[in-house]
Amino acid sequence: MFNALDVSTSGLVAQRTRLNAISSNLANMSTTRNEAGEAVPYTPRFVVFKTDDNIVTSGGGQGVTVDRVDYADVEPNMKYEPGHPDANAEGYVAYPNIDMTTEFVDALGASRAYEANIGVIEVTKDMVERTLQILA
């Protein structure tokens, strides 16, 4: 039963990382400069998971871990704004190529997965509690 808690906990940690990447993408939808102050738009990030062979249940379930946080390989959205301080010689400003709808759908999926893992933890906790009641 405790391995089930470990599997669910690994899922919670992974989904939290995914939600952090999504929130970072949404927060930087209009960011036209990088950390160094150069006119380079924010690059969207996404999380890649992999199974964790160290966390295994007797039923064959496995935990998950964050393999890496990658940068999306997408061209920036170019908008014609000649008065903008980051406009190029033609008057276009490079904005991050982030689709708000896609990010919200991804956030909804991550939230549901997070909730499902919490549900498994609650059920496992109840099973342990009832087992202890039977043994007592």
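This structure is a prediction, so every number in the text was calculated from the model and none was measured.
Placement of Val64 and Val48 in two distinct hydrophobic clusters is found when ILVMFWY residues are connected by side-chain heavy-atom separations under 4.5 Å, directly or transitively. Both Met29 and Phe104 belong to a common hydrophobic cluster when Ile, Leu, Val, Met, Phe, Trp and Tyr are linked at side-chain heavy-atom distances under 4.5 angstrom. The cluster map of Ile, Leu, Val, Met, Phe, Trp and Tyr, joined by side-chain heavy atoms under 4.5 Å apart, puts Phe49 and Phe46 in different clusters. Following chains of ILVMFWY side-chain contacts shorter than 4.5 Å, one can reach Ile121 starting from Tyr114, so the two form part of one hydrophobic cluster.
Between Lys125 and Leu5 the shortest side-chain heavy-atom distance does not fall below 4.5 Å. Counting only heavy atoms from C-beta outward, the side chains of Arg18 and Asp106 approach each other to under 4.5 Å. Considering only heavy atoms from C-beta on, Met78 comes within 4.5 Å of Asn88 through its side chain.
Between the side chains of Gln133 and Arg130, not a single donor N or O lies within less than 3.5 Å of an accepting N or O. Using modelled atom types, one finds a donor on one side chain and an acceptor on the other under 3.5 Å when comparing Ser24 with Tyr42. Neither side chain, Asp52 nor Gln62, offers a donor N or O lying under 3.5 Å from an acceptor on the other. Side-chain contact, Tyr95 with Glu81: a donor N or O sits under 3.5 Å from an acceptor N or O.
Shown here for Pro96 and Asn28, the closest heavy-atom pair between the two residues is CG-O, 3.3 Å. Taking each heavy atom of Ala4 and Thr124 in turn, the nearest pair found is CB-OG1, 4.0 Å. Nearest approach of Glu103 to Ile22, heavy atoms of both residues: O-CG2, 3.5 Å. When all heavy atoms of Val47 and Ala21 are compared, the closest pair comes out as CG2-CB, 3.8 Å. In this structure, Val7 and Gly63 approach most closely via the heavy-atom pair CG2-N, 3.9 Å.
A donor-acceptor contact shorter than 3.5 Å links the side chain of Asn25 to the backbone of Arg45. Counting only distance, with no hydrogens or angles, the side chain of Asn34 and the backbone of Gly37 share a donor-acceptor pair below 3.5 Å. Between the side chain of Asn97 and the backbone N or O of Glu75, at least one donor-acceptor pair lies under 3.5 Å. Looking only at distances, a side-chain donor or acceptor of Ser23 sits under 3.5 Å from a matching main-chain atom of Asn20.
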Please assess Thr65 against Ser10 for the test side-chain contact (heavy atoms from CB on, under 4.5 Å), listing each intermediate value before the final yes or no. CA-CA 6 Å; Thr65 186; Ser10 72; over 6 Å; no
So Asp86 and Arg33, salt bridge (charged side-chain N to carboxylate O under 4.0 Å, His left out) or not? Walk me through it. CA-CA 8 Å; Asp86 294 330; Arg33 291 186 175 259; 2.5 Å; yes
Walk me through whether Asn3 and Thr57 qualify under side-chain hydrogen bond (donor to acceptor under 3.5 Å, both in side chains). CA-CA 5 Å; Asn3 286 347; Thr57 66; over 6 Å; no
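Taking CD1 of Ile118 as the reference point, atom OG of Ser8 lies at 10.0 Å (rounded to 0.5 Å). Annotation: the span from Met100 atom CE to Thr102 atom OG1 amounts to 11.0 Å, rounded to 0.5 Å. Expressed to the nearest 0.5 Å, how far CD of Glu115 lies from CG of Leu12 amounts to 11.0 Å. The CG atom of Asp67 sits 12.0 Å away from atom OG1 of Thr17, with the distance rounded to the nearest 0.5 Å.
Applying the 6.0 Å contact sphere to CG of Asp73 captures no more than 12 heavy atoms from other residues, nucleotides or ligands.
For the side chain to side chain contact (heavy atoms under 4.5 Å, CB included) with Ile98, the lone residue among Pro41, Pro44, Ser30 that qualifies is Pro44.
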